[in-house]
Q: 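Shown below is the structure under consideration.
Residue numbers run from 1 in the order of the sequence given. Bear in mind that the values here come from a model prediction, so they are computed numbers and not experimental data.
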Amino acid sequence: MTTAPTAQNRLMGHASSDTSLRLIQLLRLVPRHRKKSVRELQHELDAQGYRTTVRTVQRDLEKLAELFPIETDGAKPAGWRWATGAADV
């Protein structure tokens with residue numbers, strides 16, 4: 001039986017376990033109060049063994065923001081954080 005793709009499946013595309021783990025770790029790295037740039041987050045992922053590009057992290061954050069209460073300040077470079085009052089995930 002085939003099921004319709006969910007938002008989470010669309011987010012991950014062909015979703016290998018490495019991609020899923022990277023996305024979970026990225027959510028963990030997004031701070032609650034101060035903001036972190038995409039480059040900072042990419043460096044932290046890289047240090048943990050998740051080799052990716054700044055652009056991939058940017059796309060991941062944009063997709064994750066559709067599913068989770070994370071937000072950007074829209075600055076250049078953009079800063080990301082959990083929205084004020086967001087529940088723990």
Side-chain angles (χ1 to χ4, degrees):
M1 170 162 61
T2 308
T3 59
T6 65
Q8 186 174 5
N9 289 342
R10 285 192 303 273
L11 168 69
M12 295 180 195
H14 63 301
S16 70
S17 62
D18 287 344
T19 300
S20 299
L21 293 172
R22 185 186 80 238
L23 292 172
I24 291 167
Q25 188 58 33
L26 180 55
L27 283 172
R28 288 179 177 160
L29 293 173
V30 173
R32 288 240 166 234
H33 303 289
R34 77 172 194 90
K35 295 179 181 171
K36 285 188 183 178
S37 71
V38 174
R39 185 167 303 281
E40 286 177 287
L41 293 166
Q42 186 270 330
H43 283 300
E44 290 180 29
L45 285 171
D46 188 62
Q48 294 177 13
Y50 297 99
R51 305 287 183 250
T52 189
T53 65
V54 169
R55 183 62 188 126
T56 295
V57 173
Q58 179 65 43
R59 284 191 296 264
D60 289 347
L61 288 165
E62 289 168 358
K63 290 177 183 176
L64 287 167
E66 295 173 10
L67 301 170
F68 297 93
I70 60 172
E71 62 187 14
T72 181
D73 58 10
K76 300 247 184 217
W80 286 85
R81 70 174 186 169
W82 284 91
T84 303
D88 288 337
V89 177

Q: Please round to the nearest 0.5 Å and tell me the distance separating atom CG of Leu61 and atom CZ of Arg59.
A: 11.5 Å
Q: Quick one: do Val57 and Val54 end up in the same hydrophobic cluster if we chain Ile, Leu, Val, Met, Phe, Trp and Tyr together by side-chain heavy atoms under 4.5 Å apart?
A: yes
Q: Does Trp82 reach the side chain of Pro31, with side-chain heavy atoms less than 4.5 Å apart?
A: no
Q: Starting from the C-alpha separation in whole Å, work towards a yes-or-no answer on side chain to side chain contact (heavy atoms under 4.5 Å, CB included) for Asp60 and Arg22.
A: CA-CA 10 Å; Asp60 289 347; Arg22 185 186 80 238; 2.6 Å; yes
Q: Please find the pair of heavy atoms, one from Ala78 and one from Thr72, that lie closest to each other, and give the distance.
A: CB-OG1, 3.3 Å
Q: Run the numbers on Tyr50 and Leu21 for side chain to side chain contact (heavy atoms under 4.5 Å, CB included), then give the verdict.
A: CA-CA 9 Å; Tyr50 297 99; Leu21 293 172; 3.8 Å; yes
Q: Salt bridge check: are Glu40 and Arg34 linked by an N-O gap of less than 4.0 Å?
A: yes
Q: How would you list, by chain and number, every residue that makes a side-chain contact (heavy atoms from CB on, under 4.5 Å) with Gln58, sequence neighbours excluded?
A: Val38, Arg55, Glu62, Trp80
Q: Please name all residues satisfying side-chain contact (heavy atoms from CB on, under 4.5 Å) with Arg51, sequence neighbours left out, ordered by chain then number.
A: Asp46
Q: How far does CG of Leu23 sit from CG of Leu67, to the nearest 0.5 angstrom?
A: 10.0 Å
Q: Please tell me if the side chains of Leu29 and Gln48 come closer than 4.5 Å, counting only heavy atoms from C-beta onward.
A: yes
Q: Between Gln25 (side chain) and Leu45 (backbone), is there a donor-acceptor pair under 3.5 Å?
A: no
Q: Only counting residues at least two apart or in another chain, list the ones meeting side chain to side chain donor-acceptor pair (under 3.5 Å) with Thr53.
A: Thr56
Q: Do the charged groups of Arg81 and Asp73 touch, with an N to O distance under 4.0 Å?
A: no
Q: Rounded at 0.5 Å granularity, tell me how far NE2 in His33 sits from OG1 in Thr84.
A: 9.0 Å
Q: For Arg28, enumerate each residue passing the salt bridge (charged side-chain N to carboxylate O under 4.0 Å, His left out) test, keeping only those at least two apart in sequence or located in another chain.
A: none
Q: So, for Arg32 and Ala86, which heavy atoms are closest and what is the spacing to 0.1 Å?
A: NH1-O, 3.0 Å
Q: Under the side chain to side chain donor-acceptor pair (under 3.5 Å) rule, collect the residues that match up with Lys36, sequence neighbours excluded.
A: Glu44
